[in-house]
Amino acid sequence: MFDTLLVCNRGEIAVRIVRTCRKLGIRSVVAHSTADRDSLAVSLADEAFCLGPPPSGRSYLNIPAVLYACARTGAQAVHPGYGFLAEDPTFATICEDVGLTFVGPPPKVIAMMGDKSAARAAMIDAGLPVAAGSVHPLTGADDAAEQAAEIGYPVVLKAVAGGGGRGIAVVRRLDDLTAAFEEVRSAARTLFLDDRVGIERYVERARHVEVQLLGDGTGHIVQLGDRDCTVQRRHQKLLEESPSTALDPDLADRIHAAAVHGARSIGFRNAGTVEFLVDEQGDFYFMEMNPRIQVEHPVTEMRTGIDLVEAMILVAAGENLWFTQAEVIPRGHVIECRINAEDVSADWGGRTGRITRFQPPAGPDVRFDSHVYSGYTLPPHYDSLLAKLIVRGADRPDAIRRMRRALAELECEGVPTTRDFHLALLSHPVFVAGTHRSDFLDRYLEPDGVLRAE
């Protein structure tokens, strides 16, 4: 086991990793930008190292700076969290080359799953169900039109190197295809420095279900249940829960087994999530695999009692998983709400500023992951995530009641938040019934951010 780990991330995930390092007796170093010098993660870590100025390319994405930070602080391992360098196979490879332990899946898995065309091909080879679409990137708009005619509308165009819900466009008719293709290709070039675009059938009114996996160096892979993240706005997840109300026991077993089989086929190790779309007939299709820790990992931790960050660190250090599949016993129902600094009434615009008062909720089976405190000033350079509020109930109705109570206790003054949206969501009859699908917000969300009833 290494004795010093560098966290090259920020916000709540950096705080989360530091806390697990403290639990394991590992010295933590938080590598940060100048904008985050007053962050909670920096104050909690054993040591901090400034990578550079606020722009991510000059700090959190600056690989030479991260390597220099490791050398100067004596870190033998790096945990990238999510975002930034977490899914950069070049960074993971360099870490291995210079003798640093990269806390995450192998570089070849990261590279394969970060390429949507390669990921589709790998899962097809493994026998997983995949929506009809192109195996190779499109050569142009004419190729897109030919493929769409064969697949049938609606289709979805995706940046091959995309992620985080960006570089995606749903197309419902031929007249819109060329413009959508150019838009996605341009976004892909700007966001991911890779203008390749793929196409596949768009699964209407789907449920978005993901399966959490852990694997060690012996090939032992376990699934830790599913999470449902169907409530999304512009492909950005807002609420997650486990288990999914869209899966009966048989369908859940089949999806869990497919996730494990697909991961085993590509030599998966450490932590990752396989995502699926489930249609109204109960058929499911591989969507993508995220070879990293995910934002919503506390949902699985609350339901299983397994510390995923601890498992990542121990597996990276060469240890084997200390439990079998039969010993994974999920309990209750868990819901997570993402609390963002956004003005829902103004097209969900992100906001920055000084938080003048911050009072988190507490109580039985309530967890609050955040990097925010009273007096903290939100930097304008990064995403709007303030906190994740997670609750567990005996069943789904109990979890909904508990989440409403916890949300009502949350106080945040100085910036607008999405708290009131979540309170409305948890009272909406379609969500309460558990029958919501991917078009939920398209159907019920008004332009001013108000959720209307049926």
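Gln281 meets the side-chain hydrogen bond (donor to acceptor under 3.5 Å, both in side chains) test with no other residue; sequence neighbours excluded. For the side-chain contact (heavy atoms from CB on, under 4.5 Å) test, residues two or more places apart in sequence or in another chain that qualify with Lys23 are Asp307, Glu310. By the side-chain contact (heavy atoms from CB on, under 4.5 Å) test, Ser374 is found to be paired with Phe358, residues two or more places apart in sequence or in another chain being considered.
Between Phe276 and Phe286, the two ring planes are perpendicular [angle over 60°; tilted spans 30° to 60°]. By the 30° and 60° cut-offs, the orientation of the rings of Tyr373 relative to Tyr376 is tilted.
Looking at Thr273 and Gln294, their side chains do bring a donor and an acceptor atom within 3.5 Å of each other. A donor and an acceptor atom, one from each side chain of Asp36 and Tyr60, are located under 3.5 Å apart. With no hydrogens or angles considered, a side-chain donor-acceptor pair links Ser384 and Glu342 at under 3.5 Å.
Using a cutoff of 4.0 Å between basic side-chain nitrogens and carboxylate oxygens, Glu301 and Arg16 are scored as salt-bridged. A salt bridge links Glu204 to Arg172: one of the charged nitrogens lies within less than 4.0 Å of a carboxylate oxygen. In summary, Arg234 and Asp347 engage in a salt bridge, as defined by a charged side-chain N under 4.0 Å from a carboxylate O. Electrostatic pairing of Arg338 and Glu240 counts as a salt bridge here, judged by a charged N lying under 4.0 Å from a carboxylate O. Ion pairing between a basic and an acidic side chain is recognised when a charged N comes within 4.0 Å of a carboxylate O; Glu241 and Arg396 show such pairing. Residues Arg120 and Glu200 are paired through a salt bridge, judged by an N-O separation under 4.0 Å between the basic side chain and the carboxylate.
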| message | For a side-chain contact (heavy atoms from CB on, under 4.5 Å) check, start with the C-alpha distance between Ile293 and Ile17, then their side-chain angles and the critical distance, and finish with the verdict. | response | CA-CA 11 Å; Ile293 195 74; Ile17 298 167; 5.9 Å; no

| What do the steps show when you test Tyr82 against His297 for ring-ring contact (aromatic ring centres under 6.0 Å, His included), and what is the final call? | CA-CA 11 Å; Tyr82 53 73; His297 73 273; 7.6 Å; no

| task | Quick one: do Asp398 and His333 satisfy side-chain hydrogen bond (donor to acceptor under 3.5 Å, both in side chains)? Show the steps, please. | result | CA-CA 8 Å; Asp398 184 44; His333 194 96; over 6 Å; no

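Side-chain atoms of Asp448 never come within 3.5 Å of backbone atoms of Ser345 as a donor-acceptor pair (strictly under, hydrogens ignored).
With Thr230 as the fixed residue, the side chain to side chain donor-acceptor pair (under 3.5 Å) test singles out one of Arg207, Arg437, Lys237, His436: Arg207.
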